[in-house]
Amino acid sequence: MTPEELTYVSVLICSIPAGRLFKGRGPRFRQWVGSGLGAGLTLVTCGPHALHSLVTALGTWLVLRAAPRRCGWATLVWTFGYLLFFRTPELWGLPQPPPYANALQLLLTLKMVSMAIDVQDQREAELKGVTSSERGELIGGLQGCPGLVEILCYSYCYLGLLTGPFYRLRTYQDWLWGPTPPVPPSLLWGRLRWVPLLALGAEVVGRVFPSGALMGPALWGWPFPWRLLYSAPVFLAFRLRFYVAWLSSEAACVAAAFGGYPKEWGARPGCGPTRRGEMGGQPPEHWDYECIRTVDPWGTERCYGVREGLRRWNMTVQWWLQHYALYRLYSLYRAAVTLLVSAYWHGLQGGLYLSLLSLPLWLAAERAPVPLPRALPPYLSVGFVLRRGEDVIRYWAALGFCMHILPVVGIVLAVVGGGKGRGGGEIGQIWGKMG
């Protein structure tokens, strides 16, 4: 385990019992202590690089004031533009930020864009004559534009600060001002019971199958099946590490009674409630914490196909991409553009773009009458594991780009089949939408 991973584990372990600090406490205590813990954690892990996050939050506050009717898209341009500055410090003579600052910046970007677009939606509702009480019933609807203090407290709340989950400003406000949800031990234990075993598995698999072997010259001397299959345990170790981080982070939220809603409110990961009603008085078994669910490990491991896997992986961020990017783009190529946004958000390394921009091809091919192999997810995942574009291309070349050729064959067969098979007739429409 690397020093970076040890730091993340230490932060997550301490975050879980910290939730007891907020039991029975009032809104102001939660607001100031929650953000105080997060600000302290930011200074300890990021040092002077914490200024990046502060500048981002302050800039967003200024955008909300300067461009009230276009604050959503203006904040998107501001925060994503700042990401480019943040990731190219060598061009500006600045030191390289640590990985913790990068994680903080990624999640803060999602929060600021989400908040600004929700504020813009609220202002548009005002112009249409929607009353304040009706605006409160809107999904994610806010009662007003947040002030600087609220923005900073939301930005630096210790829950999900470095590892997620992403949550909206309205979810944060519900935690501060709403009734305290019950915390059944079964919900907390359900997220923690497999964490030690998953952590052990990640360490063992990572040592036995190091990802560096995919970049070595010995790769070309391996038999083709071993070249193809080796990426599977490498990707497994990658997934297990994220399972440990995300399940622990979910447990920290549950321990603080953050993100709990009555089941009849239909809360969704990242989104929060899809409808509202009376909050409070329901028995513990009538509450859930779906709002902060980040991953479904067992669903991810059992799923077949790219589409199913995406729905169960990093679920709060997937919702953000769907709600704030996919649904708001007026383009036939909006799905491909959404994947491009996702790649840019993750980083500037070429491997990320190669992997994510290969997805539209496979999403279209999944509806073809050709069964797709389970070797696909590890094959595409090397972009996130290796990162550098040249390393990814070298690995794919060692496999003859077989997993890029196969979906093309599936699409051609679907088109030639004239709509026969598993959704073959829809391939043209899907490809048009996915660009």
Side-chain angles (χ1 to χ4, degrees), residues 2 4-5 80 83-84 86-91 96-103 105-107 109 164 202 205-206 209-220 222 224 226-243 245 300 306-307 309-310 313-314 317-318 321 325 335-363 365 373-408 434-435:
T2 65
E4 175 190 336
E5 290 171 339
F80 273 70
L83 273 181
L84 182 62
F86 174 81
R87 286 168 171 160
T88 55
E90 66 281 356
L91 297 181
Q96 186 71 32
Y100 319 108
N102 181 64
Q105 196 69 26
L106 289 179
L107 289 161
T109 296
V205 175
F209 299 95
S211 60
L214 295 175
M215 298 181 286
L219 175 68
W220 292 87
W222 295 353
F224 179 84
W226 183 240
R227 269 182 264 166
L228 177 62
L229 295 176
Y230 188 89
S231 61
V234 170
F235 187 37
L236 175 61
F238 176 85
R239 294 197 306 276
L240 292 176
R241 291 189 182 97
F242 276 93
Y243 292 157
T300 301
V306 177
R307 194 181 307 272
L310 288 175
W313 177 263
N314 207 356
V317 173
Q318 294 294 339
L321 287 167
V337 174
T338 301
L339 290 170
L340 184 62
V341 169
S342 177
Y344 177 80
W345 178 76
H346 279 92
L348 299 179
Q349 297 93 336
L352 300 172
Y353 295 83
L354 289 170
S355 289
L356 283 170
L357 295 181
S358 296
L359 286 177
L361 182 69
W362 276 91
L363 289 170
R374 287 187 177 271
L376 169 66
Y379 176 84
L380 289 183
S381 73
V382 296
F384 287 86
V385 176
L386 303 182
R387 293 278 177 160
R388 298 198 328 156
E390 53 267 38
D391 293 331
V392 175
I393 291 292
R394 187 182 302 112
Y395 174 69
W396 285 352
L399 299 175
F401 295 94
C402 61
M403 293 296 170
H404 282 84
I405 296 173
L406 184 59
V408 175
M434 300 213 169

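Computed from a predicted model, the values in this text were never measured in an experiment.
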Mind checking whether [X] and [Y] have side chains closer than 4.5 Å, heavy atoms only?
X   : Y    : value
E90 : T88  : yes
L84 : L348 : yes
P97 : P89  : yes

Counting distance only, does the side-chain N/O of [X] pair as donor-acceptor with the main-chain N or O of [Y] below 3.5 Å?
X    : Y    : answer
R227 : L399 : no
W345 : L106 : yes
S355 : L380 : yes
W396 : Y379 : yes
S342 : T338 : no
Y230 : S211 : no

Nearest atoms (heavy-atom pairs only) where [X] meets [Y]:
X    : Y    : result
A237 : V205 : CB-CG1, 3.9 Å
A213 : W222 : CB-CH2, 3.8 Å
G347 : Y353 : O-OH, 3.2 Å
F224 : C402 : CZ-SG, 4.0 Å
V382 : S231 : CG1-CB, 4.2 Å
L107 : G164 : CD1-N, 3.2 Å

Roughly how far, to the nearest 0.5 Å, is [atom2] of [Y] from [atom1] of [X]?
X    : Y    : atom1 : atom2 : result
D391 : L214 : CG    : CG    : 9.5 Å
I393 : L386 : CD1   : CG    : 11.5 Å
Y243 : W313 : OH    : CH2   : 5.5 Å
L83  : N102 : CG    : CG    : 8.0 Å
L352 : R388 : CG    : CZ    : 13.0 Å
Y395 : L354 : OH    : CG    : 14.5 Å

Could you tell me whether R241 sits above the aromatic face of F238, with NZ or CZ closer than 6.0 angstrom to the six-membered ring centre and within 45 degrees of the axis?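 Cation-pi check for R241 and F238: fails.
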
